[in-house]
Protein chains: 2
Amino acid sequence: MARIIDVAKHAGVSVASVSRVLSGLPGVSEDTRARVQAAAKALNYRPDLAARRLRSRRTDTIGLIVSDIRNPFFTEVSRAVEDMAYEHGQRVILCNADEDPEKEAFYLELMHNENVSGVILSPTLQLLSQFRASDYTFPVVLVDRCERSTEADAVVLDNVDAAYRLTEHLIERGHRRIAFLYGAGSATGQQRNEGYSLAMARAGLAAQASALRPVVADARDAALELLAGRQPPEALMASNGLLLLGVAEAVRELGLPCPERIAVAGFDDLPWVRLVDPGFTVIAQPTYDIGHAAIELLLQRIAQPSQAVRRVVLRGELIVRGSTAQRVTAPA
Amino acid sequence: MARIIDVAKHAGVSVASVSRVLSGLPGVSEDTRARVQAAAKALNYRPDLAARRLRSRRTDTIGLIVSDIRNPFFTEVSRAVEDMAYEHGQRVILCNADEDPEKEAFYLELMHNENVSGVILSPTLQLLSQFRASDYTFPVVLVDRCERSTEADAVVLDNVDAAYRLTEHLIERGHRRIAFLYGAGSATGQQRNEGYSLAMARAGLAAQASALRPVVADARDAALELLAGRQPPEALMASNGLLLLGVAEAVRELGLPCPERIAVAGFDDLPWVRLVDPGFTVIAQPTYDIGHAAIELLLQRIAQPSQAVRRVVLRGELIVRGSTAQRVTAPA
DNA sequence: CTGTTAGCGCATTCAT
DNA sequence: ATGAATGCGCTAACAG
């Protein structure tokens, strides 16, 4: 393996000049630059990253800790982050905390040890409840999850608003007994519950919300139980794609016609939601924009560590499909 | 930040002893060991990874380059790899090549620069066609994609067999005109086409296979075209989850009753395939096992760089659902 | 504009 | 079992 000194000899210059050229620093003549590049190419030289990082005390690496990589939402976000990061000469370490605070702590520790330039994180509720960006040795930007009082840069959906609009849509379509199944494990779920409750209250309707683990099976069971009750809901609303999947399973199992007997709505415009029978009405999140905004925020924070905390709040898009058609009630 | 010399002073020993203790090397008295550990804890010492890597010439890092992170198959595989890797003291760099040979090359280059211990890779067809593990400076294990002659460790599904069994199942259920939509961009798709063709030939039926890009929209369009033909197929079979999604969209758009008018089958037991109306019959892949086997192979290869090339071939599981019910034909 | 040189923090000889 | 000393390959400070 060629080292920097070999390149220097080959080009007939000093190692300092080689370093300058390869780091794109100014203060090198065109001639030297060209010769160094030729020599580097001829020797197929690659700088040793470990040495460079040790010496420069920079890693040009950002960490991305998502809470569940199986969730297509995070998959999309991570694509945006990666794309942008590499464009800015940053590498990405992608980690999956799996909604597990222990794993999350492990990875944050790892980030510290790796001496990353910064981290983008979708925190568990436990972590978020006491989160302060200043507790970390590196800049942190939160995505998807953030409470109003959290002292950290963040990019989130306007969850309250989105859930409010979705609920409102169901109400407008004539549904009254609207049950909400939401993920209790995240700030996002709680905020969406707020929006739902608000809309129901404004309409003078009774809210019926179930806090669940963000697991398909739990949503399915909860939906089955609700639908088996004496006064089953006319509409089911889920706070994210996973729970929506569980709701869909339950409705299908019971063979209830949708939307005639049961309307369905949820979050996340996943590939399959327009596939199931009447097509599901959902709030679509601007996933790519979210990832984009997050890394933008992070890069700026890295450049300006002491700037004021900033928050980017994006709006969800209501996509209406057959599952929330106008309710037809027998005339009184 | 505490450095190794601080720990040494605090413990009243030399840096060499500290290094030995923290690397878990033998040749240290119990007493010293305890004092070093206490000192490290007291100072909240973390070894500088850049320095350690520079000096030791090891990174304890493995690279995982998947061809499409949005594909749930790879998401599952990556979970298995991560779990195992951390258990073995290896860190994982997860990269998404997006089925793009350029990105793939970029990441392989990155792996080289990062000096990883080894790489797990699902190669594009272009790369695979001329792939030799010996061309790389690090051990490589292929996952999901591999040709018979490829000189590299690999973990794959028995694609020919799986497709053969799936086709056979359709034939047994009375379907004759069975069209196959497969991803032309991967070895996997081609092998599944082999299995399909073989089964059709054995049954004396004419194969009708369409090579497609692994994109939902293309599968949808192809399926629409097939179904609009003068003699439309009685069954559609897709070579992976994405294409199956496209097929499902087409069938739904046309409002064709499934399985009466059109049977459907495919690969990958994704969450939604049992959700769509009659439930889709699929071949399920043992994704976690695949990831597990891959890293197992890699770790052994790292330990034994010159051992013979090995291949793990796993069997797919046929999961029968409503979409392939017995075909009812009018008596002749 | 260019070269010389001193470490970055650690693992690893080689003594003892 | 322990410590002193060396240098991994590079960047950055400084001198010229």
Side-chain angles (χ1 to χ4, degrees), chain A residues 1-40 43-61 89-91 110 112-117 137-138, chain B residues 1-40 43-61 89 91 110 112-117 137:
Chain A
M1 206 58 234
R3 296 166 305 173
I4 197 170
I5 193 171
D6 302 316
V7 178
K9 283 178 184 161
H10 192 101
V13 298
S14 71
V15 292
S17 291
V18 176
S19 176
R20 287 189 190 102
V21 171
L22 297 178
S23 300
L25 294 176
V28 188
S29 73
E30 264 320 307
D31 179 55
T32 314
R33 186 173 299 276
R35 289 167 59 202
V36 167
Q37 278 163 345
L43 299 179
N44 190 27
Y45 169 74
R46 336 281 185 95
D48 184 299
L49 293 180
R52 171 177 280 181
R53 288 170 181 158
L54 172 58
R55 179 59 234 237
S56 70
R57 305 277 66 198
R58 298 181 313 126
T59 56
D60 291 332
T61 298
Q90 299 277 329
R91 265 169 296 279
L110 179 72
H112 183 166
N113 294 338
E114 292 283 350
N115 191 29
V116 295
S117 327
T137 57
F138 40 79
Chain B
M1 207 58 232
R3 293 167 305 173
I4 197 171
I5 193 172
D6 302 317
V7 179
K9 283 176 182 163
H10 192 102
V13 299
S14 72
V15 293
S17 292
V18 177
S19 177
R20 288 191 189 99
V21 171
L22 297 179
S23 300
L25 294 175
V28 186
S29 72
E30 264 320 307
D31 177 55
T32 322
R33 186 173 300 276
R35 290 166 58 203
V36 166
Q37 279 164 344
L43 299 178
N44 189 29
Y45 169 73
R46 338 281 186 92
D48 183 299
L49 293 181
R52 170 176 281 182
R53 287 171 184 157
L54 172 59
R55 180 59 234 244
S56 69
R57 306 276 67 198
R58 300 181 314 124
T59 56
D60 291 332
T61 298
R91 176 179 78 103
L110 179 73
H112 183 166
N113 294 337
E114 292 281 353
N115 191 28
V116 295
S117 329
T137 56

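Order of the sequence lines fixes the chain letters, A, B, ..., with proteins taken first and strands second; residue numbering starts at 1 for each chain. Predicted model only: the values in this text are computed from it and were never measured. As a basis for the values below, the full set of heavy atoms in this structure was taken, side chains included, without hydrogen atoms, waters or symmetry mates.
A:Leu110 is not listed as a side-chain neighbour of A:His112, based on a closest heavy-atom distance of 4.5 Å or more. Proximity of B:Ile4 to B:Ser19: side-chain heavy atoms (C-beta onward) are separated by under 4.5 Å at one or more points.
In B:Ile5, the CD1 atom is not crowded: 12 or fewer heavy atoms of neighbouring residues, nucleotides or ligands sit closer than 6.0 Å.
Residue B:Leu54 contributes atom CG, which lies 9 Å from atom C1' of D:dG7 at whole-angstrom precision. Remark: P of D:dG7 and CD1 of A:Ile5 are 13 Å apart, rounded to the nearest angstrom. Between the C1' atom of C:dC10 and the CG atom of A:Asn113 lies a distance of 14 Å, rounded to the nearest Å. Straight-line distance from the CD atom of B:Glu30 to the C1' atom of D:dA1: 12 Å, rounded to whole Å. Protein atom CG of B:Asp6 is 13 Å distant from nucleotide atom C1' of C:dC10, rounded to whole Å. Computed from coordinates, the A:Arg35 CZ to C:dC1 P distance equals 15 Å when rounded to whole Å. B:Leu49 has its CG atom 9 Å from the P atom of C:dC10, to the nearest Å. Taking atom CZ on B:Arg3 and atom P on C:dG7, their separation rounds to 12 Å, with Å as the unit.
An OP1 or OP2 oxygen of D:dG3 is reached within less than 4.0 angstrom by a side-chain nitrogen or oxygen of B:Ser17.
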Which side-chain N or O atoms in residues 10-18 of chain B pair as donor and acceptor under 3.5 Å with protein atoms at least two apart or in another chain?
unit_1, atom_1, unit_2, atom_2, d
B:Ser14, OG, B:Ala16, N, 3.4
B:Ser14, OG, B:Ser17, N, 3.4

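If you run side-chain contact (heavy atoms from CB on, under 4.5 Å) between A:Tyr45 and each of A:Leu22, A:Val36, A:Asp6, only A:Leu22 comes through.
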Salt bridge (Lys or Arg N to Asp or Glu O under 4.0 Å) for A:Glu114 and A:Arg58? Distances and angles first, verdict last. CA-CA 10 Å; A:Glu114 292 283 350; A:Arg58 298 181 313 126; over 6 Å; no

Go along nucleotides 11-16 of chain D 5' to 3' and tag each nucleotide: B for a protein heavy atom under 4.0 Å from its base, S when only backbone or sugar atoms are that close, - otherwise. BBBB--

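Closest to the A:Arg57 side chain, of the nucleotides D:dG9, C:dC8, D:dA1, is C:dC8.
Residues A:Val13 and B:Asp48 both approach DNA chain C. Their nearest nucleotides, taken by heavy-atom distance, put A:Val13 toward the 5′ side.
We find that A:Arg57 and B:Asp48 are joined by a salt bridge, their nearest charged nitrogen and carboxylate oxygen being less than 4.0 Å apart.
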